[in-house]
Novice: 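Quick one: the structure is below, questions incoming.
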Amino acid sequence: FEFGQQRQFEGTVWERPYPVLSVGASRYLLVGSGKRGGAPLVAGLDGRRVRVQGTLIERDGDHMIQVDSVAPASVDEGRTAAAEWRVEGTTVLDGEIVDSKCHLGVMKPGDGPTHRDCAVRCLLGGVPPMLVVADGSRARRIALASVEGRPLDWDLEPWAARPVQVRGPVYVRGTERFLGVEAAGISLRP
């Protein structure tokens, strides 16, 4: 987390399932300050080129921007149509549900039992949930959304920062991926 270091990014905003700024081949999840997601900051800008001022959050190649301001790019090229999400298949993964903002670097630790209360509040505030899956010495992360491709609008408190098993379809659009989940598809692991 580059605390106190403002950067400017220019790219195309996609609002669903969670706000993302597309800059060339790179994708940055967008969040607000504090324990808030980024959806209100980019509402109505889906497919538009914008200039984002904010702070970079990064961990192991996964990127996020804590947004301070969003403005249309100097040249308005109109809206770009987003590629469609496609289902890559259904999977079952074991891991931990975290709030992406803290986990990617804003808090240390940003996972585990000591971070549970903070994670619950961040998730309730709209910060995108992620499933962190141990994969040898490196963790893999995938955002969680509804099976309809919308942000999760139900309380993840029973599962946040605990070992879980999650079952659902994997959706792919370019380099973006998310796991579609329903409450019935999440279970606690011993």
Side-chain angles (χ1 to χ4, degrees), residues 1-24 26-73 82 85 95-112 115-132 139-146 149-157 159-161 171 173-181:
F1 181 46
E2 295 180 347
F3 181 75
Q5 295 182 27
Q6 292 270 316
R7 288 192 189 203
Q8 185 169 293
F9 303 83
E10 188 170 319
T12 304
V13 168
W14 305 113
E15 291 185 62
R16 305 270 186 279
Y18 299 101
V20 170
L21 183 68
S22 175
V23 181
S26 298
R27 304 291 184 267
Y28 298 85
L29 277 168
L30 302 177
V31 293
S33 62
K35 297 181 179 304
R36 291 187 294 271
L41 301 170
V42 299
L45 295 173
D46 195 50
R48 294 264 189 199
R49 277 198 73 73
V50 298
R51 193 170 293 123
V52 173
Q53 187 81 22
T55 305
L56 181 66
I57 303 165
E58 182 177 30
R59 183 173 181 177
D60 300 329
D62 289 320
H63 306 75
M64 175 179 278
I65 301 168
Q66 179 176 292
V67 176
D68 290 315
S69 66
V70 179
W85 287 99
E96 177 183 337
I97 296 175
V98 299
D99 74 275
S100 54
K101 184 176 181 178
C102 289
H103 178 75
L104 292 180
V106 172
M107 297 292 289
K108 292 183 182 179
D111 49 29
H115 186 255
R116 181 172 157 64
D117 290 339
C118 181
V120 169
R121 288 191 304 276
C122 285
L123 294 170
L124 288 171
V127 172
M130 279 186 165
L131 182 69
V132 179
R140 292 184 298 136
R141 298 169 191 87
I142 188 165
L144 302 177
S146 76
R150 294 190 304 264
L152 292 180
D153 60 358
W154 36 275
D155 186 3
L156 287 166
E157 189 275 333
W159 306 284
Y171 293 87
R173 176 176 70 191
T175 59
E176 293 176 80
R177 300 164 54 89
F178 76 86
L179 180 59
V181 298

Novice: Measure the spacing between CG of L124 and CG of D155 and express it to the nearest 0.5 Å.
Specialist: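 Nearest 0.5 Å value for the CG-CG distance: 5.0 Å.
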Novice: Holding to ring-ring contact (aromatic ring centres under 6.0 Å, His included), I want the full list of residues that pass it with W159, two or more places apart in sequence or in another chain.
Specialist: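 Partners of W159 under the ring-ring contact (aromatic ring centres under 6.0 Å, His included) test: W154.
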Novice: List for me each residue that meets side-chain contact (heavy atoms from CB on, under 4.5 Å) alongside R16, sequence neighbours excluded, and say none if there are none.
Specialist: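 Listed in chain order: nothing, the list is empty.
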Novice: Give me the atom names and distance for the closest heavy-atom approach of G11 to L21.
Specialist: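 Taking G11 first and L21 second, the nearest heavy atoms are C-CD1, 3.6 Å.
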Novice: Could you tell me if the side chain of W14 sits less than 4.5 Å from the side chain of R173, heavy atoms only?
Specialist: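 Counting from C-beta outward, R173 and W14 do come under 4.5 Å.
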Novice: Considering non-hydrogen atoms only, spot the tightest contact between H115 and D99 and give its length.
Specialist: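 Looks like CE1-OD1, 2.8 Å.
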Novice: Does some side-chain heavy atom of M130 sit less than 4.5 Å from a side-chain heavy atom of L29?
Specialist: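 Yes, close enough: below the 4.5 Å cut-off.
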Novice: State which residues pass ring-ring contact (aromatic ring centres under 6.0 Å, His included) with Y28; sequence neighbours excluded, sorted by chain then number.
Specialist: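 Result, ring-ring contact (aromatic ring centres under 6.0 Å, His included) vs Y28: F9, H63.
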Novice: Tell me, please, which residues at least two apart from R140 pass salt bridge (charged side-chain N to carboxylate O under 4.0 Å, His left out).
Specialist: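 Residues passing salt bridge (charged side-chain N to carboxylate O under 4.0 Å, His left out) with R140: D135.
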Novice: Identify the residue among V120, V181, L123 that makes a side-chain contact (heavy atoms from CB on, under 4.5 Å) with L156.
Specialist: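 Result for side-chain contact (heavy atoms from CB on, under 4.5 Å) with L156: L123.
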Novice: Can you pull out every side chain to side chain donor-acceptor pair (under 3.5 Å) where at least one residue sits in residues 31-40? Sequence neighbours excluded, please.
Specialist: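 Pairs touching residues 31-40 that pass the test: S33-R36.
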Novice: Once ring pair (Phe, Tyr, Trp, His ring centres under 6.0 Å) is applied, what residue pairs with a partner in residues 34-58 remain, sequence neighbours excluded?
Specialist: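 Ring pair (Phe, Tyr, Trp, His ring centres under 6.0 Å) check on residues 34-58 returns no pairs.
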Novice: Between the side chain of R177 and the main-chain N/O of Y171, is any donor-acceptor distance below 3.5 Å?
Specialist: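 Side chain of R177 to backbone of Y171, a donor-acceptor pair under 3.5 Å: no, none is there.
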Novice: Give, for atom CG of L41 and atom CG of L30, the distance between the pair rounded to the nearest 0.5 Å.
Specialist: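 Going from the CG atom of L41 to the CG atom of L30 covers 8.0 Å.
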Novice: Taking only residues two or more places apart in sequence or in another chain, which ones pass salt bridge (charged side-chain N to carboxylate O under 4.0 Å, His left out) with R141?
Specialist: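 Expected list: D60, D62.
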Novice: For R116, enumerate each residue passing the salt bridge (charged side-chain N to carboxylate O under 4.0 Å, His left out) test, keeping only those at least two apart in sequence or located in another chain.
Specialist: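 Checked R116 against salt bridge (charged side-chain N to carboxylate O under 4.0 Å, His left out); matches are E157.
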Novice: According to salt bridge (charged side-chain N to carboxylate O under 4.0 Å, His left out), who are the partners of D153, at least two apart in sequence or on a separate chain?
Specialist: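 For D153, no residue satisfies salt bridge (charged side-chain N to carboxylate O under 4.0 Å, His left out) once neighbours in sequence are set aside.
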Novice: Measure the shortest side-chain to side-chain distance between V98 and P129 over non-hydrogen atoms and say whether it is less than 4.5 angstrom.
Specialist: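 V98 vs P129: side chains apart.
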Novice: For a quick test of reading the model, state the closest non-hydrogen atom pair linking V23 to E10 and the distance between them.
Specialist: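 Smallest heavy-atom distance, with atoms named: CG2-O, 3.5 Å.
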Novice: Using every non-hydrogen atom in the two residues, find where S100 and V127 come nearest and quote the distance to one decimal.
Specialist: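 The answer is OG-CG1, 3.7 Å.
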Novice: Under a 3.5 Å distance rule, please check whether E15 uses its side chain to pair with a backbone N or O of G44 as donor and acceptor.
Specialist: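 A pair under 3.5 Å: yes.
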Novice: Would you say the side chain of V70 lies within less than 4.5 Å of the side chain of R51, judging by non-hydrogen atoms?
Specialist: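 A side-chain contact under 4.5 Å is absent here.
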Novice: Rounded to the nearest 0.5 Å, what separation is found between the CD1 atom of I65 and the OG1 atom of T55?
Specialist: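 Those atoms lie 9.5 Å apart.
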Novice: Once you round to the nearest 0.5 Å, how far does CG of L56 lie from CD of Q6?
Specialist: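 So the gap between those two atoms works out to 11.5 Å.
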Novice: List in chain and number order the residues that pass side-chain hydrogen bond (donor to acceptor under 3.5 Å, both in side chains) with T12, two or more places apart in sequence or in another chain; answer none if no residue qualifies.
Specialist: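 For T12 there are no side-chain hydrogen bond (donor to acceptor under 3.5 Å, both in side chains) partners, ignoring immediate neighbours.
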Novice: To check you understand the geometry: which heavy-atom pair defines the closest contact between P17 and W85, and what is its length?
Specialist: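 In terms of heavy atoms, the two residues are closest at CD-CZ2, 3.5 Å.
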Novice: Would you indicate whether the side-chain heavy atoms of L144 and L152 approach each other to under 4.5 Å?
Specialist: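 L152 vs L144: side chains touch.
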Novice: List the residues meeting side-chain contact (heavy atoms from CB on, under 4.5 Å) with P151, not counting sequence neighbours, and say none if there are none.
Specialist: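 If we apply the side-chain contact (heavy atoms from CB on, under 4.5 Å) test to P151, skipping adjacent residues, the hits are Y18.
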Novice: To check you understand the geometry: which heavy-atom pair defines the closest contact between P19 and V42, and what is its length?
Specialist: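 Heavy atoms only, the tightest pair is CB-CG2, 3.7 Å.
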Novice: Any chance you could measure M64, atom CE, to Q66, atom CD, to the nearest 0.5 Å?
Specialist: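 If I round to the nearest 0.5 Å, the distance is 9.5 Å.
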Novice: Strictly distance-based, threshold 3.5 Å: is any side-chain N or O of K101 a donor or acceptor partner for the main-chain N or O of I57?
Specialist: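 Checked: no pair found.
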Novice: Who passes side-chain contact (heavy atoms from CB on, under 4.5 Å) against S69, sequence neighbours left out?
Specialist: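 With neighbours one apart ignored, the set is Q53.
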